[in-house]
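Working notes, structure below.
Atoms within a ligand are numbered from 1 in the order they appear, just like the ligands themselves. Everything numeric here is computed off the predicted structure, so don't read it as measured data. Throughout, numbering of the chain's residues begins at 1 and tracks the sequence.
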Amino acid sequence: MTRYTASHWGLYEVEQDKDGPRLAPFRDDPDPSPIGLHQLDPSLDRSRVARPAVRRSFLEGGPGTRTDLRGSEDFVEVDWDTALDLAASAIRGVKDKHGNASIFAGSYGWSSAGRFHHAQSQIHRFYNSIGGYVRHMDSYSLGAGRVLLPHIVGTMDFVQANHTSWDVLEEHCELFIAFGGVPAKNAQVNSGMAARHLVPGGLRRMAEAGTRFVNVGPVSDNLDTGHAVDWIPIRPNTDTAMMLAMAWVLETEGLTDPAFLDSHCTGYPTFRRYLLGEADGQPKTPDWAEPITGVPADRIAALAREAAAKRTMINGSWSLQRATHGEQPFWMVITLAAMLGQIGTPGGGFGLGYGPANLMGSNNPRLPGPTLSQGQNAVPDFIPVARIADMLLNPGAAFTYNGMTRAYPDIRLVHWAGGNPYHHHQDLNRLREAWQKPETIIVNEQFWTATAKHADIVFPATTTMEREDIGYAAREANMVAMDRIRDPFAEARDDYDIFTALAQRLGAEETYTEGLTARGWLERMYEEFRAKVAMQDIDVPSFADFWDQGLIDFTPLARPVIMMEDFVRDPAAHPLTTPSGRIEITSAAIAGFALADCPGHPTWMEPREWLGQTARESGTMHLISDQPMRRLHSQLDPSPWSRDGKVNGREPVVMNPADAAARGIADGDIVEVWNGRGRCLAGAVLSDAVMEGVVRLSTGAWYDPDPETGRDRHGNPNTLTLDLPASGLSQGCAAQTCLVHLSGPVNDAPAIRAFDPPAFFAAE
Ligand SMILES: Nc1nc2c(c(=O)[nH]1)N[C@H]1C(S)=C(S)[C@@H](COP(=O)(O)OP(=O)(O)OC[C@H]3O[C@@H](n4cnc5c(=O)[nH]c(N)nc54)[C@H](O)[C@@H]3O)O[C@H]1N2
Ligand SMILES: Nc1nc2c(c(=O)[nH]1)N[C@H]1C(S)=C(S)[C@@H](COP(=O)(O)OP(=O)(O)OC[C@H]3O[C@@H](n4cnc5c(=O)[nH]c(N)nc54)[C@H](O)[C@@H]3O)O[C@H]1N2
Ligand SMILES: [Mo]
């Protein structure tokens, strides 16, 4: 009987050899990812949290003691009961004195795969069982997109799961225009599990069938079809201007589909006045866009004409909206596709986006997977997820969100499980300052991440390898019974057990556990799923049989997908969920919010930091902090696979040879990347795949601030990024809007300490 386990990067078969268990790629996966194969590597143990640990002055003085020492002080290892009692008493103290609205357990992050031991679900369920917590809205992934899209076409989840499938694209798509590529490196991943990796094969078959690919973006190595791809380098954050100029060509040369704009869209005439310059005196011509984008006017015009002449798919990567005014490029992708009138046709329309995960383009069924109920949250307060530092620094201050004005809560206690804010948040020096405000910070972690090192109480959590679970994600080919592969490391416990022990102390054990063991929950969640799919006439085995056989294969249920096909065929019978039921090229709702940084239709506005400013002359470069090739965010950075990608032990910073030469930097040098917000070291890699004026430093190198200088020794780009919202509409993360300087080589670079545990104080 084959045993299986799964992660966000793959489904694995567990092999037993003389040294113990080993992970092998799933036999039916055509393009397995190497990332997760190293999860059992013994070298990871060095960075694991072995025992509960408490920051020394917190242990001595209680909540609120010397919070300025978070991140630099030593810890004391304690037994489980001591740590649990301390945490329960801190939670009870805040509840009684300030109420649950002073507890932040939004706890954003990817956690691990598995439907039950999903740390986010567990922590939310726990806090709901004791009266609620301040939550977060949206994600770092799609802050601007998630708020914008329901106004324009429908929810992001609807769009994401309805992407036209690769089989249809292969047959019908003639021209594929990608803003920001279709990075196969990103499609290694799917939130929940990637059973069979579909993106590399999908792209390859399209190219073989004759689809022409055009990649618009600051880098060229993010669209691999195995065949030639036309690359149009563009200044970061200026895609909206290029798309507007393409739209101007379509409109002024009679290449739009007026019938579609009339029957399926609202607000085109208002947008058209802006496009033609009737509203603001500036026609959005290719000549106007050239000095903004750096793309020659004739190339913009030619691409617009080609798009009108062919069956064209326009794709936007999620990175486009992780920027100031990040709503605009997404809105423009949809507007351009609407003007071409190809939405709902096989092979034409838009994608948002192909590439960021394995899900988009899959033709496997979209089933309601097994879910753990999180209960009811009695606290109404929330923050847009990327406003964490603002919230901690400005209790009571007002913020806008999707047309509302709300106030930041006054947070006394923060509890994180399954996320790494010292990975994901922008401007880490600002976060460190904000992080001193709460009285108590509790973190459940598997590893001594920077977030764990900045906590007061750290609970060691098990990994996926150390527990049973059910693996599934929408539009994946398989559901999998995940086996327990090894014993828990040292004293690590499941998050479920940690929260059960806290719930016991706070009188909520029955509400939290409902009297079930972890295995009992798996069975209940699975049988609920089985009953739900039975209503769609889909038959799956009983829990016992599923657990025995290990896998369910959904590929016999695969069907070609054409996005918004029903709506396009009959908009009256299948309206969209937007206010008008149509595609909103101008949104009355958004216009009504009267926001200067997000008007009622797609609009070009200068980014806060970009190469069109002073830039090139003063040697400033635009920093792209994209998703890393060799890991998921910060996860498994200490693994051999991730460390093999480092340069002199530092995260690679990739730059054009001309920019390197101008600064006297050679391949392999350790360099310093800096701006007014922070500085970090990184290892130089020279490549023509990055346009001049741009550097790429992928996310996820474990934050490693030098205690003397505050400089990060390892190469975490969030030491440099801007902690400002995309706009007052979404308050989304704007990590891709960031200018930096680069200098080097640095000859006396200190050793990195990121993967070491903190210092421990021994009481005797
Ligand atoms: N500059 C810049 N910053 C970015 C981005 C960018 O493009 N540029 N991208 C953003 C995006 S899109 C995202 S989604 C975020 C990602 O940010 P995160 O999701 O916070 O990053 P991860 O490294 O995945 O953090 C997950 C953490 O959970 C821990 N963990 C895993 N499983 C478990 C478990 O079972 N129990 C417990 N207790 N802990 C567990 C892991 O050890 C890890 O530390 O980063 C954002 N940050
Ligand atoms: N291996 C791996 N895969 C991942 C993740 C990971 O950590 N590791 N994270 C997952 C998560 S949580 C998410 S949200 C998705 C994110 O998916 P995306 O947001 O699509 O990913 P990025 O890698 O940030 O950016 C994609 C490409 O956009 C380009 N780009 C950046 N700025 C601009 C711009 O202004 N204009 C244009 N035209 N292009 C630009 C970058 O060069 C990059 O190659 O990826 C997922 N996949
Ligand atoms: Mo993300």
May I ask you to check if ligand 1 and R467 share an N or O to N or O distance below 3.5 Å? yes
Residue portion contacting ligand 1 (non-hydrogen atoms closer than 4.0 Å) for N420: both
Does a donor on one side chain sit under 3.5 Å from an acceptor on the other, for D483 and T5? no
Less than 4.0 Å between a side-chain N and a carboxylate O, is that true for D390 and R387? yes
Looking only at the side chains, is there a donor atom on one of Q374 and Y127 sitting less than 3.5 Å from an acceptor on the other? no
Going by the atom numbers of ligand 1, which of them fall below 4.0 Å from some non-hydrogen atom of T721? 1 (N)
Please confirm whether Q122 approaches ligand 1 to less than 4.0 Å, judged on its heavy atoms. no
I'd like the name of whichever of S634, S139, A452 reaches closest to atom 23 (O) of ligand 1 through any heavy atom. S634
S111 near ligand 1, heavy-atom distance under 4.0 Å? yes
R631/E651 ion pair, N-O < 4.0 Å: yes
Side chain, backbone, both or neither: the part of L632 lying under 4.0 Å from ligand 2 by heavy atom: both
Determine, using heavy atoms of R631 and all atoms of ligand 2, whether some pair is separated by less than 4.0 Å. yes
Subset of ligand 1 atoms that lie under 4.0 Å from at least one heavy atom of S112: 31 (C), 32 (N), 33 (C), 35 (O)
Starting from atom 42 (O) of ligand 2, find the nearest protein heavy-atom neighbour and note its residue, name and distance. V219 CG2, 3.4 Å
Give a yes/no on ligand 1: does Q426 have at least one heavy atom closer than 4.0 angstrom to it? yes
So, D637 and K646, do they make that salt bridge, N to O below 4.0 Å? yes
Per-atom filter on ligand 1: closer than 4.0 angstrom to a heavy atom of N444 are 37 (C), 38 (N), 39 (N)
Please list, chain by chain and in numerical order, all residues satisfying side chain to side chain contact (heavy atoms under 4.5 Å, CB included) with M629, sequence neighbours excluded. K185
Run the ring pair (Phe, Tyr, Trp, His ring centres under 6.0 Å) test on F126 and Y133 for me, step by step, so that the C-alpha distance in whole Å, both residues' side-chain angles and the decisive distance to 0.1 Å come before the verdict. CA-CA 10 Å; F126 164 70; Y133 64 97; 9.8 Å; no
Test item: S139 side-chain N/O and L142 main-chain N/O as donor-acceptor pair under 3.5 Å: yes
Could you establish whether Y108 and ligand 1 come within less than 4.0 Å of each other, counting only heavy atoms on the residue side? yes
Going by atom types alone, do N237 and T737 pair a side-chain donor with an acceptor below 3.5 Å? yes
Near S625, which atoms of ligand 1 are under 4.0 Å from a heavy atom of that residue? 1 (N), 2 (C), 6 (C), 7 (O), 8 (N)
Report yes or no: does a heavy atom of E466 sit under 4.0 Å from some atom of ligand 1? no
Could you say whether the N/O atoms of H633 and ligand 1 ever approach to under 3.5 Å? yes
Using heavy atoms and a 4.0 Å limit, tell me yes or no: is Y140 in contact with ligand 2? no
Any salt bridge between R484 and E468, counting N to O under 4.0 Å? no
Should you measure from each heavy atom of P236, which atoms of ligand 2 turn up under 4.0 Å away? 35 (O)
Any N/O pair R322/ligand 1 closer than 3.5 Å: yes
Which residues share a ring pair (Phe, Tyr, Trp, His ring centres under 6.0 Å) with H8, sequence neighbours left out: W110
Go through ligand 1 atom by atom and flag the ones less than 4.0 Å from a non-hydrogen atom of A735. 1 (N), 2 (C), 8 (N)
Does R430 have more than 12 heavy atoms from other residues, nucleotides or ligands lying within 6.0 Å of its CZ? yes
Say whether D712 and T719, considering side chains only, have a donor N or O and an acceptor N or O under 3.5 Å apart. no
With heavy atoms of T449 as the reference, note each atom of ligand 1 found under 4.0 Å away. 44 (O)
Give the contacting part of D239 toward ligand 2: side chain, backbone, both or neither, where contact means a heavy-atom distance below 4.0 Å. side chain
Check whether any N or O atom of W110, backbone or side chain, sits under 3.5 Å from an N or O atom of ligand 1, and answer yes or no. yes
Report the part of L320 in contact with ligand 2, treating N, CA, C, O as backbone and CB onward as side chain, heavy atoms under 4.0 Å; options are side chain, backbone, both, neither. side chain
Do the side chains of R467 and D497 get close enough for a salt bridge, i.e. N-O under 4.0 angstrom? no
Going by side-chain hydrogen bond (donor to acceptor under 3.5 Å, both in side chains), D494 matches just one of T462, T463, T500. Which one? T462
Contact with ligand 2 for P218, non-hydrogen, under 4.0 angstrom: yes
So is G355 close enough to ligand 2, meaning a heavy atom under 4.0 angstrom away? no
Classify the contact between A119 and ligand 1 as side chain, backbone, both or neither, using a heavy-atom distance cut-off of under 4.0 Å. side chain
Which residue and atom name correspond to the protein heavy atom nearest atom 43 (C) of ligand 2, and how close is it? N222 ND2, 3.7 Å
Side-chain H-bond candidate by donor/acceptor type, D723 with H425, under 3.5 Å: yes
Heavy-atom proximity to atom 9 (N) of ligand 1, best of Q736, Q627, H424: Q627
Side chains of Q328 and T240: any donor to acceptor distance under 3.5 Å? no
List ligand 1 atoms under 4.0 Å from N718, heavy atoms only on the residue side. 1 (N), 2 (C), 3 (N)
Under 3.5 Å: N/O of H425 near N/O of ligand 1: no
Show which atoms of ligand 1 fall inside a sub-4.0 Å distance from at least one heavy-atom site of S141. 12 (S), 14 (S)
